[in-house]
Amino acid sequence: MMLIPTHHFRDIERKPEYLQPEKCAPPPFPGPAGTMWFIRDGCGIACAIVTWFLVLYAEFVVLFVMLIPSRDYVYSVINGIVFNLLAFLALASHCRAMLTDPGAVPKGNATKEFIESLQLKPGQVVYKCPKCCSIKPDRAHHCSVCKRCIRKMDHHCPWVNNCVGENNQKYFVLFTMYIALISLHALIMVGFHFLHCFEEDWTKCSSFSPPTTVILLILLCFEALLFLIFTSVMFGTQVHSICTDETGIERLQRKKPPQESTGSWKSLQEAFGGDFSLNWFNPFTRPCQPVIPIDKGLVRQVSSVSDTDNMATTESQLEETKDRDSVEVLDE
């Protein structure tokens with residue numbers, strides 16, 4: 001149960017008439033375990049397709065322009081295995097990040113019956129999202145693209161067509177790491193290939209014509225450099241967020257995480273799944289996901305009951321704040 005500072009009440013209402021929890025539809029019956037999660041967003045789907053296309057383009061250039069025409073078979077085999085392994089792990093991580101439920105709160109559970117079942121005590125509150133009609137646990141935020149409230153939502157990433165939350169952050173971190181590694185590997189191979197071709201005849205360096213080879217290599221170099229910078233920054237940001245137990249949204253809002261946050265190493269273990277092992281780098285293993293009680297984080301305690309007197313709003317203020325969270329309060 002969380003203590004809520006008084007200043008947080010500026011964005012919530014005491015009696016939100018617009019929500020009308022009695023009109024909330026009951027939450028749908030949960031699907032079977034392992035049900036695929038997929039967001040039907042045109043922009044996100046397009047970005048995901050572009051991501052796969054760019055990785056496959058890099059595969060084509062690395063294999064058919066640089067490695068297969070090479071006369072050094074040991075060099076070609078070793079680099080081919082390493083690059084294809086990293087590319088496979090990157091795409092697998094991308095699929096897991098895209099198709100894994102990031103931690104969506106049950107939709108439509110802000111019903112009058114469910115709120116009454118929580119048996120709120122004097123001074124306790126529950127936050128309700130007017131957009132998806134859900135009771136928001138602590139540190140959950142509503143995503144306008146996924147149209148759901150997400151636990152420990154860091155941000156919505158169009159490149160994986162999904163939110164990054166407590167259930168799929170591991171896969172997103174692995175995706176950025178493996179993309180950064182294959183980008184670095186591709187840049188190194190392009191550099192060696194240019195040096196080799198400058199020393200020998202360009203017609204013997206590739207099965208393509210010299211102008212085509214140069215264009216393909218320059219495009220790959222530009223793509224790899226761009227993605228190396230972008231994914232390296234994202235990887236560092238995500239690892240920092242995990243170690244400090246602070247999401248990107250909380251950092252932007254300058255909102256401190258809960259006081260009972262775990263240490264950096266413990267946070268890494270929870271995000272990647274147990275003690276340090278090769279499974280940390282495996283996109284096919286799940287992070288630690290303890291069974292979450294249905295009412296965990298839903299009920300919060302105000303600093304003092306008298307603080308709720310500051311939460312009354314006028315009718316005009318209610319109209320202006322319809323897109324904000326609402327709160328249900330029980331006074332003494």
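When a residue number appears, it is its place in the shown sequence, counting from 1.
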So which heavy atom on Val164 is nearest to which on Cys157, and how close?
CG2-CB, 4.4 Å

Checking the side chain of Tyr57 only, and the main-chain atoms of Leu216 only, is there a donor and an acceptor separated by less than 3.5 Å?
yes

Ser277 side, atom OG; Gln269 side, atom CD - distance, nearest 0.5 Å:
10.0 Å

Spacing of OG1 belonging to Thr51 relative to CE belonging to Met98, to within rounding of 0.5 Å:
9.0 Å

Can you name the closest pair of heavy atoms from Cys163 and His156 and give their distance?
SG-ND1, 3.4 Å

Nearest 0.5 Å, what's the SG-NE2 distance between Cys221 and His193?
12.5 Å

Approximate separation, where rounding is to 0.5 Å, of Asn161 CG and Leu99 CG
9.0 Å

Donor + acceptor pair across side chains of Arg139, Thr247 (<3.5 Å)
no

Is there a ring-ring contact (aromatic ring centres under 6.0 Å, His included) between Phe172 and His155 once you walk through the steps?
CA-CA 11 Å; Phe172 182 76; His155 68 287; 5.3 Å; yes

Heavy-atom closest pair, residues Glu59 and Asn84:
OE1-OD1, 2.8 Å

Transitively linked via ILVMFWY side-chain contacts under 4.5 Å: Val233 with Val160?
no

Does the side chain of Ser264 come within less than 4.5 Å of Thr244's, by heavy atoms?
no

So which of Thr176, Leu174, Leu181 actually passes side chain to side chain contact (heavy atoms under 4.5 Å, CB included) with Phe235?
Thr176

My understanding is that only one of Asn168, Asn167, Asp101, Asn162 makes a side chain to side chain donor-acceptor pair (under 3.5 Å) with Trp37; could you say which?
Asn162

Is there a path from Ile188 to Phe222 through hydrophobic residues (I, L, V, M, F, W, Y) whose side chains come within less than 4.5 Å of each other?
no

Mind listing the closest non-hydrogen atom pair of Thr285 and Asn279 along with its distance?
OG1-O, 3.0 Å

Minimal non-hydrogen separation, Pro283 against Tyr171, with atom names:
O-CE2, 3.3 Å

Are the side chains of Leu220 and Val62 in contact, using a 4.5 Å heavy-atom criterion?
yes

Going by distance alone, is a donor N or O of one side chain under 3.5 Å from an acceptor N or O of the other, for His94 and Trp52?
yes

In terms of hydrophobic clustering (I, L, V, M, F, W, Y; side-chain heavy atoms under 4.5 Å; direct or indirect links), are Ile229 and Val239 co-clustered?
yes

Indicate yes or no: at least one non-hydrogen side-chain atom of Cys149 is less than 4.5 angstrom from one of His141.
no

What class does the angle between the rings of Phe281 and Phe276 fall in, given that below 30° is parallel, 30 to 60° is tilted and above 60° is perpendicular?
perpendicular

Contact between Val105 and Lys136 at the side-chain level, heavy atoms closer than 4.5 Å - yes or no?
no

For a 4.5 angstrom cut-off between non-hydrogen side-chain atoms, does Arg286 reach Thr100?
no

Apply side-chain contact (heavy atoms from CB on, under 4.5 Å) to Asp154 and Ser241, showing your working.
CA-CA 9 Å; Asp154 187 88; Ser241 295; 3.8 Å; yes

Distance only, no hydrogens: is a donor on one side chain within 3.5 Å (strictly under) of an acceptor on the other, for Ser209 and Thr212?
yes

Check whether more than 12 heavy atoms from other residues, nucleotides or ligands sit under 6.0 Å from atom CZ of Phe284, and answer yes or no.
yes

Path from Leu85 to Met177 over hydrophobic side-chain contacts below 4.5 Å
yes

Can you find a heavy atom in the side chain of Asp245 that is under 4.5 Å from one in the side chain of Lys152?
yes

Show your reasoning for whether side-chain contact (heavy atoms from CB on, under 4.5 Å) applies to Met189 and Leu67.
CA-CA 9 Å; Met189 286 190 291; Leu67 296 184; 4.2 Å; yes

Are Arg148 and His142 close enough that some pair of their side-chain heavy atoms sits under 4.5 Å apart?
no

Checking side-chain contact (heavy atoms from CB on, under 4.5 Å) for the pair Ser207/Phe64: CA distance, chi angles, key distance, verdict?
CA-CA 8 Å; Ser207 55; Phe64 295 99; 5.7 Å; no

Applying the 4.5 Å side-chain criterion to the ILVMFWY set and letting contacts propagate, would Leu91 and Ile81 be lumped into a single cluster?
no

Quick check: are there more than 12 heavy atoms from other residues, nucleotides or ligands sitting under 6.0 Å from CG of Leu195?
yes

Report the C-alpha separation of Cys143 and Met153 in whole Å, then their side-chain angles, then the decisive distance to 0.1 Å, and conclude whether the side-chain contact (heavy atoms from CB on, under 4.5 Å) test is met.
CA-CA 8 Å; Cys143 175; Met153 175 181 168; 3.9 Å; yes

Between CZ on residue Phe175 and SG on residue Cys95, distance to nearest 0.5 Å:
10.0 Å

Within a 6.0 Å radius of atom CZ on Phe192, are there more than 12 heavy atoms belonging to other residues, nucleotides or ligands?
no

Would you say the side chain of Trp280 lies within less than 4.5 Å of the side chain of Leu268, judging by non-hydrogen atoms?
yes

Which word best sums up how the rings of Phe230 and Phe227 line up, parallel for under 30°, tilted for 30 to 60°, or perpendicular for over 60°?
perpendicular

The reported gap from CZ in Phe114 to CG in Asn109 (rounded to nearest 0.5 angstrom) is 5.0 Å

Minimum heavy-atom distance between Cys47 and Trp159, given as atom pair plus value:
O-CE3, 3.6 Å

Ignoring hydrogens and angles, state whether a donor on the side chain of Ser93 or Lys170 is under 3.5 Å from an acceptor on the partner side chain.
no

On the 0 to 90° scale, with breaks at 30° and 60°, tag the Phe208-Phe60 ring pair as parallel, tilted or perpendicular.
perpendicular

